[in-house]
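Atom set for the values below is all heavy atoms of this structure, side chains included, hydrogens, waters and symmetry mates excluded.
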Amino acid sequence: MEPRGMKKWRPFATMPEQYIELKEMINKQAEIAQPVLTEEQMEQMNFTLIEALHTNKQVYLTYYKRGQCITETGFIQFFDSLGDLFIFIDDVFELKNRMRLSELIDVRLA
């Protein structure tokens with residue numbers, strides 16, 4: 001008698017839609033709400049961004065995107081507090097990224 005091996009699991013892999021929906025449900029459960037920042041925290045972030053821009057220091061940026069908090073390392077290239085916009089250069093791929101200040105959660109000098 002020969003063992004069936006992986007053949008016995010093939011009928012369950014015929015519905016890829018089921019796996020896609022399960023993955024989406026797991027991702028939705030891992031989502032978090034965007035943190036609300038105080039005025040003091042926003043002022044401190046503005047000062048840190050301005051300092052990093054003028055001294056060309058590397059920063060750790062934590063921002064909110066699609067239900068997740070993402071941390072990246074980079075350099076600030078442009079900062080406009082009135083326009084709610086800043087541009088930073090990613091440390092890994094050296095790409096320019098435009099981002100709104102309202103998405104930003106935390107900024108720390110490296």
Exercise. Any side-chain heavy-atom pair from Leu37 and Met45 closer than 4.5 angstrom?
Worked result: yes
Problem set entry | Path from Phe47 to Leu85 over hydrophobic side-chain contacts below 4.5 Å | no
Exercise. Taking Tyr63 for the side chain and Arg100 for the main chain, is one N or O donor matched with an acceptor at less than 3.5 Å?
Worked result: no
Exercise. According to a 4.5 Å side-chain heavy-atom criterion applied to Ile, Leu, Val, Met, Phe, Trp and Tyr, with indirect links allowed, do Phe75 and Ile70 form part of one hydrophobic cluster?
Worked result: no
Exercise. Could you state the interatomic distance from CD (Gln44) to CG (Leu49), rounded to the nearest 0.5 Å?
Worked result: 10.0 Å
For this session: Give a yes or no on whether Glu94 atom CD has more than 12 heavy-atom contacts from other residues, nucleotides or ligands under 6.0 Å away.
Result: no
Seminar exercise, completed: CG of Asn46 to CD of Glu51, rounded to nearest 0.5 Å, is 13.0 Å
Exercise. Should Ile87 and Leu101 be counted in the same cluster of Ile, Leu, Val, Met, Phe, Trp and Tyr side chains packed under 4.5 Å apart?
Worked result: no
Problem set entry | Separation of Gln77 CD from Leu53 CG (nearest 0.5 Å) | 9.0 Å
Exercise. If you take all heavy atoms of Tyr64 and Ala33, which pair is closest and at what distance?
Worked result: CE1-C, 3.8 Å
Exercise. Is there a side-chain contact between Phe86 and Leu104, using heavy atoms and a 4.5 Å cut-off?
Worked result: yes
Exercise. Side-chain contact, heavy-atom cut-off 4.5 Å: Asp106 with Tyr60?
Worked result: no
Exercise. Are Phe88 and Ile50 joined in one hydrophobic group, where the rule is that I, L, V, M, F, W and Y side chains link up if heavy atoms are under 4.5 Å apart?
Worked result: yes
For this session: Give the cluster check for Leu95 versus Val92: same hydrophobic cluster or not, with ILVMFWY residues linked at side-chain heavy-atom distances below 4.5 Å.
Result: yes
Exercise. For the side chain to side chain contact (heavy atoms under 4.5 Å, CB included) test, which of Asp91, Thr62, Asn97, Val59 pairs with Glu72?
Worked result: Asn97
Problem set entry | Asn27 side, atom CG; Met25 side, atom CE - distance, nearest 0.5 Å | 11.5 Å
Exercise. What do the steps show when you test Met99 against Leu61 for side-chain contact (heavy atoms from CB on, under 4.5 Å), and what is the final call?
Worked result: CA-CA 11 Å; Met99 190 176 301; Leu61 296 168; 5.7 Å; no
Exercise. Where is the tightest heavy-atom contact between Ser102 and Asp84, given as atom of each residue plus distance?
Worked result: N-OD1, 3.2 Å
For this session: First locate atom CD1 of Ile76, then atom NZ of Lys57, and finally report the distance between them rounded to the nearest 0.5 Å.
Result: 13.5 Å
